[in-house]
A.B. asks: 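Would you mind keeping the following structure in view while I ask a few things?
Just so you know, residue 1 is the first one in the sequence shown, and it goes up from there. These numbers were taken from a predicted model, which means no experiment stands behind them.
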Amino acid sequence: MADDTWALRGDLLDFTGEPAWGQLKPSQVRWRPDHWLLVRGQRIEAVQAQPPGPEWRRVDHAGRLVLPGFIDTHVHAPQLDVLASYGTELLDWLNHHTFPAEARFADPQTAQDGAQRFVQALLRHGTTAAMAFSTVHESATEALFAAAHAAGMRLITGKVLMDRHVPPELQDDVLGAEQACRRLIARWHGTGRLAYAVTPRFAPTSTPAQLDMAARLLREDQGLYLQSHVAETQAEVRWVGELFPEARSYLDVYDSRGLLHRRTVLAHGIWLDDQDRARLQDEGATLAHSPTSNLFLGSGLFHWRQAQAAGVRVCTASDVGGGTSLNLLRNLAAAYQVQALLGERLTAWTALHSVTLGAAQALCLDHEIGRLEPGCTADVAVWDWAQDPVVEHRLSLSRDLHERLFAWFMLGDERLLRSVVVAGRAQAATA
Ligand code: GUN
Ligand code: ZN
């Protein structure tokens, strides 16, 4: 029996499209209880109700929930070191906690250890693909790509660009940064499951010349991604207004330079206006809503429905270490609560779609990940429904599938994770 030919049994859930806002029984939910997922090599070969033949090694997770591995569309690899740092809002938090932590990644050993810790931590939290910030350092970004490559994981990352308003040891310059980006792109973009994201940290820490350089890189290769932050706090928005007085809005700083496109993912977008949302929609760019970060840093309440109504794609992301957990279930629970404070209701379907198929679509990777579909790469997570008797009892009283999934993600976290499969291989940390 070939070791790379095996079948996973469990309750399979994924999406065939985007569920409408507020819809409890959308046709796009694909629920296949007690099914078998057949894996050959790196890929899903079939999904079926009947048990497979003897040539398939069986891995029986009957009664457990099988989902596509989660996709975190906005997270900072070096910021595991500043999780839960007390007492500051965004701009102080960057200066007091985050920049000193990121400066330590200049040391190759720190960067290598940090990269490995980050990749393994994502997997242990049920996340099999991510779009991540590295630090300003080329060598630390190398180490991050290398760690993801060794794990066979799909990672999109890039060296952070920042040539002003940061401590001197973290400051780059336009020419040096461009050369570093070009070397990293040549080495890693398209290598295995990796891709490069041009990564200006946010408008305040890049000169106009550096943002123009970022746009130049993007124009040269349609496959490159762009990641940054936008309109996270009101103080930040005011600062951007002072630094770029000619821009109509914060978003316009990026837009006017051609930084918005189909592969652009901007974190937050809390303080945008209708015109900004229309521009995001026009360009097909994505907002990475980061609810635990927004609550922890007191940044504001993101109006998801307003963005969705404007046709803007929204994913849910961890934004660790502003966010307080790499686990996307915890972030979805926070997302529900943020919407509740706005008088809106986030369904389990919109929530789970935003970290699976929706995130894959945001990254133009839905032919590859985010679905339990023959031909897709087998990036899969197996979850217990419950471990605690109180939760188990609560779930047993669910009247329908939505109620069950909703209670599951509101009450669950990474401790429910039983197994993670990356490109067809069960990971040791969770197997
Ligand atoms: N804005 C600029 N840099 C950062 C960061 O590291 N985290 C968050 N949440 N916002 C930012
Ligand atoms: Zn961030």
A.B. asks: To the nearest 0.5 Å, what is the distance between OG1 on Thr347 and NE2 on His353?
C.D. replies: 10.5 Å
A.B. asks: Do Thr264 and Tyr225 have side-chain atoms, one donor and one acceptor, less than 3.5 Å apart?
C.D. replies: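 The answer is no; no qualifying pair exists.
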A.B. asks: I'd like to know whether the aromatic ring centres of His137 and Phe105 sit less than 6.0 Å apart in this structure.
C.D. replies: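 Here the rings of Phe105 and His137 have centres that are no less than 6.0 Å from each other.
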A.B. asks: How many angstroms lie between CH2 in Trp31 and CG in Asp11, if you round to the nearest 0.5 Å?
C.D. replies: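 Rounded to the nearest 0.5 Å, the CH2-CG separation comes out at 4.0 Å.
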A.B. asks: Quick test of your reading of the model: are Arg58 and Asp60 salt-bridged, counting only N-O distances below 4.0 Å?
C.D. replies: no
A.B. asks: Verify the neighbour count for atom CZ of Arg425: are there more than 12 heavy atoms of other residues, nucleotides or ligands below 6.0 Å?
C.D. replies: no
A.B. asks: Classify the ring geometry between His402 and Phe406 as parallel (under 30°), tilted (30 to 60°) or perpendicular (over 60°).
C.D. replies: parallel
A.B. asks: May I ask you to say whether Glu18 pairs ionically with Arg313, meaning some side-chain N is under 4.0 Å from a carboxylate O?
C.D. replies: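 Looking at Arg313 together with Glu18, the answer is no, because their closest N to O distance does not fall below 4.0 Å.
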A.B. asks: For the pair Asp274 and Arg277, find out whether any cationic side-chain nitrogen is under 4.0 Å from an anionic carboxylate oxygen.
C.D. replies: yes
A.B. asks: Quick check: are there more than 12 heavy atoms from other residues, nucleotides or ligands sitting under 6.0 Å from CD of Gln42?
C.D. replies: no
A.B. asks: If the threshold is 4.0 Å, N to carboxylate O, is there a salt bridge linking Arg40 and Glu55?
C.D. replies: no
A.B. asks: For the pair Asp252 and Arg279, find out whether any cationic side-chain nitrogen is under 4.0 Å from an anionic carboxylate oxygen.
C.D. replies: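 No, Asp252 and Arg279 are not salt-bridged.
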A.B. asks: Quick one: pull up CZ in Phe202 and CE in Met162 and give me the separation to the nearest 0.5 Å.
C.D. replies: 9.5 Å
A.B. asks: So do Pro374 and Glu45 actually touch side chain to side chain, heavy atoms under 4.5 Å?
C.D. replies: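 No. Closest side-chain heavy atoms not under 4.5 Å.
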A.B. asks: Inspect the contact between Glu403 and Arg394 and indicate whether a charged nitrogen and a carboxylate oxygen are less than 4.0 angstrom apart.
C.D. replies: yes
A.B. asks: Which is it for Arg201 and Leu161 under the side chain to side chain contact (heavy atoms under 4.5 Å, CB included) test, yes or no, and what are the steps along the way?
C.D. replies: CA-CA 6 Å; Arg201 180 170 212 118; Leu161 302 171; over 6 Å; no
A.B. asks: Are the aromatic ring centres of His76 and His229 under 6.0 angstrom apart?
C.D. replies: yes
A.B. asks: Taking side chain as C-beta onward, heavy atoms only, is Thr88 less than 4.5 Å from Leu94?
C.D. replies: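 Result no, sub-4.5 Å side-chain heavy-atom pair not found.
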A.B. asks: Is any side-chain heavy atom of Asp366 closer than 4.5 Å to one of Ile369?
C.D. replies: no
A.B. asks: Using a strict 4.0 Å threshold on nitrogen-to-oxygen distance, state whether Asp400 and Lys25 make a salt bridge.
C.D. replies: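 A salt bridge is present here (some side-chain N lies under 4.0 Å from a carboxylate O).
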A.B. asks: Which of these, Thr135, Asp172, Thr141, sits in a side chain to side chain donor-acceptor pair (under 3.5 Å) with Lys159?
C.D. replies: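 Only one of Thr135, Asp172, Thr141 forms a side chain to side chain donor-acceptor pair (under 3.5 Å) with Lys159, namely Asp172.
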A.B. asks: Any non-hydrogen side-chain atom of Phe302 less than 4.5 Å from a side-chain atom of Leu287?
C.D. replies: yes
A.B. asks: Do Glu373 and His367 have side-chain heavy atoms sitting under 4.5 Å apart?
C.D. replies: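 Sidechains of His367 and Glu373: no contact.
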A.B. asks: Side-chain contact test, heavy atoms from C-beta onward, threshold under 4.5 Å: evaluate it for Val75 versus Leu326 and give yes or no.
C.D. replies: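 Yes. Closest side-chain heavy atoms under 4.5 Å.
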A.B. asks: Do the rings of His165 and Trp239 sit parallel, tilted or perpendicular, given the 30° and 60° boundaries?
C.D. replies: tilted
A.B. asks: Would you call Ile185 and Trp188 a side-chain contact if the rule is heavy atoms closer than 4.5 Å?
C.D. replies: no
A.B. asks: I'd like to know if Arg154 pairs up with Asp379 as an ion pair, taking the criterion as any Lys NZ or Arg NE/NH1/NH2 lying under 4.0 Å from an Asp or Glu carboxylate oxygen.
C.D. replies: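 The answer is no: the pair does not qualify as a salt bridge.
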A.B. asks: Is there a side-chain contact between Pro108 and Ser139, using heavy atoms and a 4.5 Å cut-off?
C.D. replies: no
A.B. asks: Could Arg238 and Trp271 be counted as a cation-pi pair, given that NZ or CZ must be under 6.0 Å from the ring centre and within 45° of the axis?
C.D. replies: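 No, cation not above the ring by the 6.0 Å, 45° rule.
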A.B. asks: Less than 6.0 angstrom separating the ring centers of Phe70 and His125, yes or no?
C.D. replies: no
A.B. asks: Looking at Trp383, is Arg64 sitting on its ring face, NZ or CZ under 6.0 Å from the six-membered ring centre and within 45 degrees of the normal?
C.D. replies: no
